[in-house]
Colleague: 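One structure is given below, represented as structure tokens, and several questions about it will come after.
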Amino acid sequence: VPATPTDLLQGTLDLLILKVLAPGSMHGWAISQHINRVSEQILRVNQGSLYPALHRLEGQGLLDAEWGRSDTERRVKFYRLTAKGRRRLTSETESWLQYSRAVHLVLATS
Amino acid sequence: MTFREMRRALRLALTRRAVERDFDDELRYHLDMQTRQNIAGGLTPGSARRLAEHELGGVDRVKGELASVHRGTRGTVMDAFGTDVRYAIRGLRRTPWFSAAAILTLALGIGANATMFGIIDRLLLRPPAHVLRPDEIYKLQLVRDGGGGEPNYQTSQSYATYTDVRDHARHLTSVSATTGAQWMSVGRGADARRLIANRVTGGYFGTLGVQPQLGRFFAPGEDRDGAGGAPVVVISHDLWQREYGGRSNALGRTLDIGRRQYTIVGVAPEGFSGIRDTPVDLWVLYSATAVARGAAADWATSHDFFYMTVLARLAPGATLARAEGDATAILRSADPDMVRSDSTARLSLASILPRNARERPPEARIATLLGGVSLLVLLIACANIANLLLARALRRRREIALRLALGVSRARLGAQLLTESLVLAALGGAAAILVVRWGGSVIAALLLDRPASGAGGVDARVVAVTVALALVTGILTGLVPAIQASTADLTRALREGARDGSVQRSRTRTALVLVQAALSVVLLVGTGLFVRSLRNINAVELGIDTRNVLAATMDLESMGYTPAQVDAVFRQMAERFATTPGIAHVSVAGILPFASSYAERIAVPGLDPLPRVKDGGPYLNSVGADFFATLGTRIVRGRPITAADEQRHARVIVVNETMASLYWPGQDPIGRCVKVGGRDAPCSEVIGVSENTHRQAILDADQILHYYVPLELGPEFMKSRVLFVRPQGDDARQMIEPVRRMMQSFAPNLPYANVRVMQTLLGSEVRPWQLGATMFGIFGGLALLLAAIGLYSVVAYGVTQRTHEMGVRVALGARANDVLRLVVVEGLRIVLAGAVAGLIIAAAAGPAVTTLLYHVSPRDPAVFGIVLGTLVLVAVLATIIPAWRASRVDPVIALRAD
């Protein structure tokens, strides 16, 4: 386990958000906590770029958002995948795995 | 629009404040949760909050980023436009022939309009350059009874009226005067050239409020009314560049004008030409040149010679009415003779701006007419492009239906088609700028006597008009296809495929062709009327062979030659030319016909009073030997004035036919006595009768009294001389330069020899018809071509759509000729309907142009007939190829297709 958390690669954050939202809707804070948790804190989400990414994905029609109530009865914004977002998740996951397999192959042989 | 799109649109429409509140809520929740987590981790509440904010990277920065993300989504409309433009360009590149034809059509249509706008702008709209508040400058007009209660306005005033008003008017300020621009001989001998001069009074530049580019304008004290002005000259920016390379040492240099040297004291700003658009090379004081250029000794005080345009501004607090009353009172007290001859005589003030003029100059009227005509051409071009776009849209019906089925909104599809026509129009507009650059100078040269530098060029105003025209054109042409696409019947289009254009659409296209045909007919009728007018006016018998005679003048008087010396020089030149090869006849006279004419009192024994005609007169010319043969004026009875008459100083006279028949009806005029100079003058014997000649213009009085005396017997005021040369062959133009060079080198230090074909004296009179015929011809031809293309495309399209039907017909026994006739007749029906509509429009609009025609009825049956015939011929030509193709349909192939 590396001593310092790794910063996310460009564009990876979008993929992670889509993946995290696959099971259902979540608000921003929960998304950031979830990514930290499942990545065993190796990947640290830059909170400053999380919200712009969410809004951008929403603008592209990959996410849908609506306002709801949190556990503490506060007004929070919940995001969930659209059909288009789900398709994008499938294709992006595919190409990401392909990419990482290729990188792994190169690193293993040399 | 899907539900989600609608919601987004709604959200975008939310106020900015609500959007910001959303950002706040979302981010604050995050911060609160993070702070709570940090406190749970053992931090104090204050540092927990700060750490949370640090980790988020600044609330304001993130909010800024969110805002920019949202601006990005709002930009999708622009994104879509960009996509549409790229799509349109791809589409146009796929069909290069269609695109080229469309862009060319638009370039010509838009270019013609932008060109005409540039000229109308110059003639009517734009105020004179460098003039300060030109709308506040007025020119004096002398208003007299023009007969029948109609007032006659006269812009030329006497110099005395100028000084009267300048010195006494209390409601006018900054009074000055100017003559019209005129050619002036500058320099001597080989250096002699003619420049356009404007003779003005000392305050001229002050009235106009113009500032010099270099040096100064006329100083107080240099202009001294009757006492003669200082020999100083202001040159134009153009002349400064041309002859002095724009160097400041031009100041202080001199120009030879007449006998004196004029010192250059200043340079006018670039483009300044006074209150008119015609260019001026130099300005001199009227008082400095008056006597040298032949003015009478009392030119400054006489109220009898009218040649100055008097300019002034209203004095502070003055009204137009009071200033006019003031000026009229001054005129009445200073010029009692005027009041005696016409008690209604008064002075009025008129704006110097052409757009405020009571009567617009003919070139402005023609330019306006041609502007309207060019709009017609653009309309035809629009109809054509719309037609072609429609045909394209029809061919792409399957594609369009497919895209509709895939969920592209009709609005988006319409926008896309509109974008396509806008792209076309933008390209056409860009090409139109080239048309303006080329066509502008051609038309300006045709329309304007001496086009100002830059006339008909491309400037910001012309570009703005071009852009506006392109935009309107794009929308006009794209509208029909866009509407049709967005209302297309989806299922039917998919089922029918590309065949069988629906009747509805081909009706629209037929209507467009019909409109084109109608408009072309209107233009062609205009062409015909102007061509006939031009032919009629060129066929007018002037009694002088103006096309084959050169008239040469030289301003020797201003060089100080006495009348006797002037006469001697011209006689010697004539003798030299008489023995020069290539010259058939040469003669000298006192008056140049069409340039000026004079009357002298005469008496005829037994005829008192003399019978008169409306035109006044009788007018005379003093002529040397061989005059009639040189000018091509026939002697119908008796003999002409000869060298022998001159040698024996014979008192002889030749009268024209009108004079002969009026004075001695039914009798032989030969041998009669005419006393030139009045009752006390000696008898001159009538030796011949000449045919009638025009005096001033092509459109001249019906009856003109005219007679000719030997040179030496001409009255004293006819002291200048004109040399007439008739070269052999029929190209007089070719001899201008040789004759000019010979005259110029006849003696050292001569002023500029001005040689021109006599016809050019009439040029400005013929120009309106020439221009009308040329421009209508170009526009009409263009319209006809466009209509032919439109018809061709409609018929050709119809034929491909009906291949199946033709196949059936042929299979059922129709012969090739039957099919051919079927298609051609169908095309002809459209065109004939359009032509009839066009002829009706032309007949209705005709009377509006009557004043611009010459001896042609605006409903001339020959013109109407020829136009109809032309249109039918063109229609047959345009349909014959598709018709031939239809007649060659192989029924087997046709019936198997689809």
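Residue numbering restarts at 1 for every chain, and letters A, B, ... go by the order of the sequence lines.
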Colleague: Atom CZ of residue position B:Arg36 - does it have more than 12 heavy atoms of other residues, nucleotides or ligands inside 6.0 Å?
Modeller: no
Colleague: Which atoms of B:Leu27 are under 4.5 Å from chain A, going by heavy atoms: the side chain, the backbone, both sets, or neither?
Modeller: side chain
Colleague: A side-chain contact here means heavy atoms from C-beta on lying under 4.5 Å apart; do B:Tyr29 and A:Lys77 qualify?
Modeller: no
Colleague: Hey, does A:Ser32 have a side-chain heavy atom less than 4.5 Å from the side chain of B:Gln34?
Modeller: no
Colleague: Measure distances from B:Gln37 to the heavy atoms of chain A and classify the residue's part below 4.5 Å as side chain, backbone, both or neither.
Modeller: side chain
Colleague: Quick one: are A:Trp67 and B:Glu26 in side-chain contact, heavy atoms under 4.5 Å?
Modeller: yes
Colleague: Does any non-hydrogen side-chain atom of A:Arg75 lie less than 4.5 Å from one of B:Asp22?
Modeller: yes
